[in-house]
*Asks:* 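Input: one structure, supplied below.
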Number of protein chains: 2
Amino acid sequence: MTSSSSLTKNQKLVLDALEKEKGPLSAYSILDRLRDDGLRAPLQVYRALDKLLDLQLVHRLESLNAFVACAHPHCHASHMIAFGICETCGQVWEFSDDVVRDRLMGWAESHDFKPSKTTIEMKGVCADCRAAG
Amino acid sequence: MTSSSSLTKNQKLVLDALEKEKGPLSAYSILDRLRDDGLRAPLQVYRALDKLLDLQLVHRLESLNAFVACAHPHCHASHMIAFGICETCGQVWEFSDDVVRDRLMGWAESHDFKPSKTTIEMKGVCADCRAAG
DNA sequence: CTCTGTTGTGTTACTCTATAACATCTGTCA
DNA sequence: TGACAGATGTTATAGAGTAACACAACAGAG
Ligand SMILES: [Zn+2]
Ligand SMILES: [Zn+2]
Ligand SMILES: [Zn+2]
Ligand SMILES: [Zn+2]
């Protein structure tokens with residue numbers, strides 16, 4: 001089995017913590033939420049996150065040093081994913097755009113550059129927060 | 001004056017250090033290179049970097065926690081900048097693509113999201129390093 | 001069944017990245 | 001001159017991530 005049914009205890013705990021949260025969490029925030037479940041050291045969280053990132057069940061937001069549960073599990077095997085991140089409420093939107101991907105891949109090809117991982121993150125203010133002003 | 005002629009001593013030191021380097025540097029690496037020039041604490045570097053980032057003379061690479069001198073100073077006031085980053089040699093290419101910008105702005109408009117800062121970073125292996133393979 | 005390799009766990013200690021708080025200094029402008 | 005904004009210097013601390021080592025669980029080969 002390739003997905004969450006084969007997760008270990010710690011991996012499930014970390015994934016659950018992220019899925020319960022509307023926004024991203026830092027590794028240390030996750031740790032704090034899981035102390036009552038027996039987790040004691042950062043490394044326990046980071047190891048679980050490594051696996052979850054491999055499985056694409058979780059994404060890392062580079063500009064926040066934080067992690068978020070995938071919004072569309074199993075749906076973007078090798079996609080180039082983009083994120084909208086509200087700086088006010090912390091909510092995250094996950095999307096992908098084939099035109100963006102093609103343009104970036106085009107730049108890579110024209111420069112003989114072989115991309116392995118691409119980060120696209122838009123920080124700003126979401127509709128709700130603007131309305132709440 | 002709006003540019004490098006008005007920089008202070010520390011700001012010039014930090015900018016020089018980044019311009020001398022072909023690739024990105026962490027704040028602490030910058031500090032190490034500037035100890036002989038009198039810098040002693042991380043904060044001195046971070047404060048200079050803050051100003052240089054404001055002036056767009058330096059860019060921060062979120063996926064590396066590192067900084068790089070702008071390749072085209074004065075040329076992209078409000079542009080959305082993308083980076084290609086070689087994971088082997090560390091070299092960085094700075095470019096922008098209007099189509100990518102338009103697509104991302106389009107997503108933002110359609111979601112009533114007001115972006116303030118966008119990060120686009122492609123990590124991979126450059127032509128030279130692939131040839132040297 | 002036992003050996004063995006692989007993966008996950010737990011723990012301690014550590015490095016690297018970034019900021020808080022406070023005092024001082026320097027220039028600009030009224 | 002006085003007042004303010006911005007830059008500086010220093011110490012201490014917070015936040016993010018990894019190294020190293022020992023042990024447990026489990027699957028497959030012989
Ligand atoms: Zn996803
Ligand atoms: Zn919001
Ligand atoms: Zn630039
Ligand atoms: Zn290279």
Side-chain angles (χ1 to χ4, degrees), chain A residues 1-18 21 23-55 57-68 87 90 117 119 121 123, chain B residues 1-18 21 23-55 57-68 87 90 117 119 121 123:
Chain A
M1 195 92 20
T2 167
S3 65
S4 50
S5 63
S6 66
L7 296 180
T8 67
K9 169 170 151 271
N10 287 359
Q11 290 160 9
K12 274 184 207 133
L13 284 171
V14 169
L15 182 56
D16 281 355
L18 283 173
E21 202 76 23
L25 287 175
S26 73
Y28 279 66
S29 301
I30 296 171
L31 178 56
D32 286 341
R33 280 163 176 69
L34 296 178
R35 293 214 185 262
D36 293 341
D37 298 286
L39 292 209
R40 322 238 75 219
L43 203 43
Q44 297 175 285
V45 174
Y46 281 109
R47 288 200 277 228
L49 284 170
D50 283 344
K51 192 67 192 300
L52 295 170
L53 289 168
D54 269 356
L55 297 172
L57 297 174
V58 159
H59 301 296
R60 177 187 163 80
L61 301 176
E62 303 286 352
S63 63
L64 295 179
N65 292 332
F67 304 85
V68 66
E87 291 171 310
K117 200 206 167 197
T119 299
E121 297 175 14
K123 285 197 197 170
Chain B
M1 194 97 13
T2 166
S3 65
S4 49
S5 63
S6 67
L7 296 180
T8 66
K9 171 171 152 268
N10 286 1
Q11 290 160 8
K12 274 184 207 136
L13 285 170
V14 169
L15 182 56
D16 282 355
L18 283 173
E21 202 76 24
L25 288 175
S26 74
Y28 279 69
S29 302
I30 296 171
L31 177 57
D32 286 341
R33 281 163 177 68
L34 296 178
R35 292 213 186 262
D36 294 341
D37 298 287
L39 292 209
R40 323 239 77 220
L43 202 45
Q44 297 175 284
V45 174
Y46 280 109
R47 288 201 277 227
L49 284 170
D50 282 345
K51 193 66 193 302
L52 295 170
L53 289 168
D54 269 356
L55 296 173
L57 297 174
V58 159
H59 301 297
R60 178 187 163 82
L61 301 176
E62 303 287 353
S63 64
L64 296 178
N65 292 331
F67 305 85
V68 67
E87 290 172 310
K117 200 204 166 198
T119 299
E121 297 175 14
K123 285 197 199 173

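In what follows, chains carry the letters A, B, and so on, assigned in the order in which the sequence lines appear, proteins first and then strands, with residues in each chain numbered from 1.
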*Asks:* Between B/L34 and B/N10, is any pair of side-chain heavy atoms under 4.5 Å apart?
*Replies:* no
*Asks:* So among A/I30, A/L57, A/L13, which one has a side chain to side chain contact (heavy atoms under 4.5 Å, CB included) with A/L18?
*Replies:* A/I30
*Asks:* A side-chain contact here means heavy atoms from C-beta on lying under 4.5 Å apart; do B/L55 and B/Q11 qualify?
*Replies:* no
*Asks:* Between B/K123 (side chain only) and B/S63 (backbone N and O only), is there a donor and an acceptor less than 3.5 Å apart?
*Replies:* yes
*Asks:* Let me check I have this right: for DNA chain C, each base becomes ., (, ), [, ] or |, based on Watson-Crick or G-U pairs with both distances under 3.5 Å. What is the full string?
*Replies:* ||||||||||||||||||||||||||||||
*Asks:* Distance-only, no hydrogens or angles: does the A/Q44 side chain make a donor-acceptor pair with backbone N or O of A/L39 under 3.5 Å?
*Replies:* no
*Asks:* What is the separation between atom CG on A/D32 and atom P on D/dA14, rounded to the nearest whole Å?
*Replies:* 14 Å
*Asks:* Quick check on C/dA18: is either OP1 or OP2 less than 4.0 Å from any side-chain nitrogen or oxygen of B/N65?
*Replies:* yes
*Asks:* What string of B, S and - do you get for nucleotides 3-8 of chain D, 5' to 3', when a contact is any protein heavy atom under 4.0 Å?
*Replies:* ----SB
*Asks:* Using whole Å, report how far CG of A/D50 lies from P of D/dA16.
*Replies:* 16 Å
*Asks:* Please name the pair of heavy atoms, one in A/P42 and one in A/Y28, separated by the smallest distance, quoted to 0.1 Å.
*Replies:* CG-OH, 3.4 Å
*Asks:* Compare all side-chain heavy atoms of B/R60 with those of B/N65 and state whether any distance is below 4.5 angstrom.
*Replies:* yes
*Asks:* What distance separates B/L25 CG from B/L31 CG, expressed to the nearest 0.5 Å?
*Replies:* 11.5 Å
*Asks:* Any side-chain N or O of A/Y46 below 4.0 angstrom from OP1/OP2 of D/dG17?
*Replies:* yes
*Asks:* Grab the two heavy atoms, one from B/P24 and one from B/G90, that are nearest each other, plus how far apart they are.
*Replies:* CD-O, 3.0 Å
*Asks:* Please give, in whole Å, the distance from D/dG17 C1' to A/L53 CG?
*Replies:* 13 Å
*Asks:* So does B/Y28 reach the base of C/dA18 with its side chain, donor to acceptor, closer than 3.5 Å?
*Replies:* yes
*Asks:* Tell me the interatomic distance from B/L25, atom CG, to C/dA18, atom P, rounded to whole angstroms.
*Replies:* 13 Å
*Asks:* Starting at atom CG of A/L64, determine the distance to atom C1' of C/dT17, rounded to an integer number of angstrom.
*Replies:* 15 Å
*Asks:* Using modelled atom types and a 3.5 Å cut-off, is there a donor and acceptor pairing between side-chain atoms of B/E121 and backbone atoms of B/E62?
*Replies:* yes
*Asks:* Would you give the length of the straight line joining atom CG of A/L49 to atom CG of A/L15, rounded to the nearest 0.5 angstrom?
*Replies:* 9.5 Å
*Asks:* Output the rounded distance in Å from CD (B/E62) to C1' (C/dA18).
*Replies:* 13 Å
*Asks:* Let's see if you get this right: which residues in residues 34-43 of chain B place a heavy atom under 4.0 Å from DNA chain C?
*Replies:* B/L43
